[in-house]
Amino acid sequence: MKRLTSLLAVPLLLGLGAGAHAACIYPQAPQALPNGAKATKEEMLAAQGEVKEYSRIVQEVYLPCLEQEKATAIASLDATDPQYAAQKAGIEAMQAKKHNAALDELQAVADRWNQERKAYTEAQKK
């Protein structure tokens, strides 16, 4: 009996685990960029790498994950439910907010990086 219970629990646990991994993980933006006016070349190159990697993760991992998450959520809805249109619209609105927030933060990081890069370039001219 114990063995049967264990065998039945495995698929349930696997199913729960799959659901836990389905959520898209919001990428962490670089926390601090070097002060371009005082930074070394190595610091600037390291920061450039961090910004590029963050941008890649947002564009190639997070945003496609959101699209898949939206498609899966919409596919799980019952199209015959009278609330289908409202539920679908709610899912789309939430995903649009997540999508736009990620792009807004990416743009803010890119803008900060460009300011520091310009400051670095100006400091090198002196």
Residues 96-106 side chain polar contacts: donor-acceptor under 3.5 Å, at least two apart:
from, atom 1, to, atom 2, distance (Å)
K98, NZ, E69, OE1, 3.4
N100, ND2, A96, O, 3.3
E105, OE1, Y26, OH, 2.6

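Applying the side chain to side chain donor-acceptor pair (under 3.5 Å) rule to Q59 yields the partners S55; only residues at least two apart in sequence or on another chain are considered. Listed by chain and number, the residues in a side chain to side chain donor-acceptor pair (under 3.5 Å) with R112 amount to none (sequence neighbours excluded). Partners of E122 according to the side chain to side chain donor-acceptor pair (under 3.5 Å) rule, which considers only residues two or more places apart in sequence or in another chain, are K125. Residues meeting the side chain to side chain contact (heavy atoms under 4.5 Å, CB included) test with P64, sequence neighbours left out: none. Considering only residues two or more places apart in sequence or on other chains, N35 meets the side chain to side chain contact (heavy atoms under 4.5 Å, CB included) condition with A37, K38, E116. By the side chain to side chain contact (heavy atoms under 4.5 Å, CB included) test, E53 pairs with R56, I57, sequence neighbours left out. Applying the side chain to side chain donor-acceptor pair (under 3.5 Å) rule to Q48 yields no partners; only residues at least two apart in sequence or on another chain are considered.
Under the 4.5 Å side-chain contact rule for hydrophobic residues, L63 and I74 do not share a cluster. Under the 4.5 Å side-chain heavy-atom criterion for Ile, Leu, Val, Met, Phe, Trp and Tyr, V51 and V58 are members of the same hydrophobic cluster.
Taking every heavy atom of both residues into account, Y54 and P27 meet most closely at CE1-O, 3.9 Å.
The salt bridge (Lys or Arg N to Asp or Glu O under 4.0 Å) analysis of residues 70-86, with sequence neighbours excluded, yields the pairs E67-K70. Listed by first then second residue, pairs satisfying ring pair (Phe, Tyr, Trp, His ring centres under 6.0 Å) with a partner in residues 100-126 number zero, not counting sequence neighbours.
In the hydrophobic clustering (ILVMFWY side chains linked at under 4.5 Å, chained through shared members), L45 stands by itself. The hydrophobic side chain of M94 is isolated, with no ILVMFWY side chain under 4.5 Å apart from it.
Side-chain contact check for D111 and Q107: at least one donor-acceptor pair (N or O, by modelled atom type) lies under 3.5 Å.
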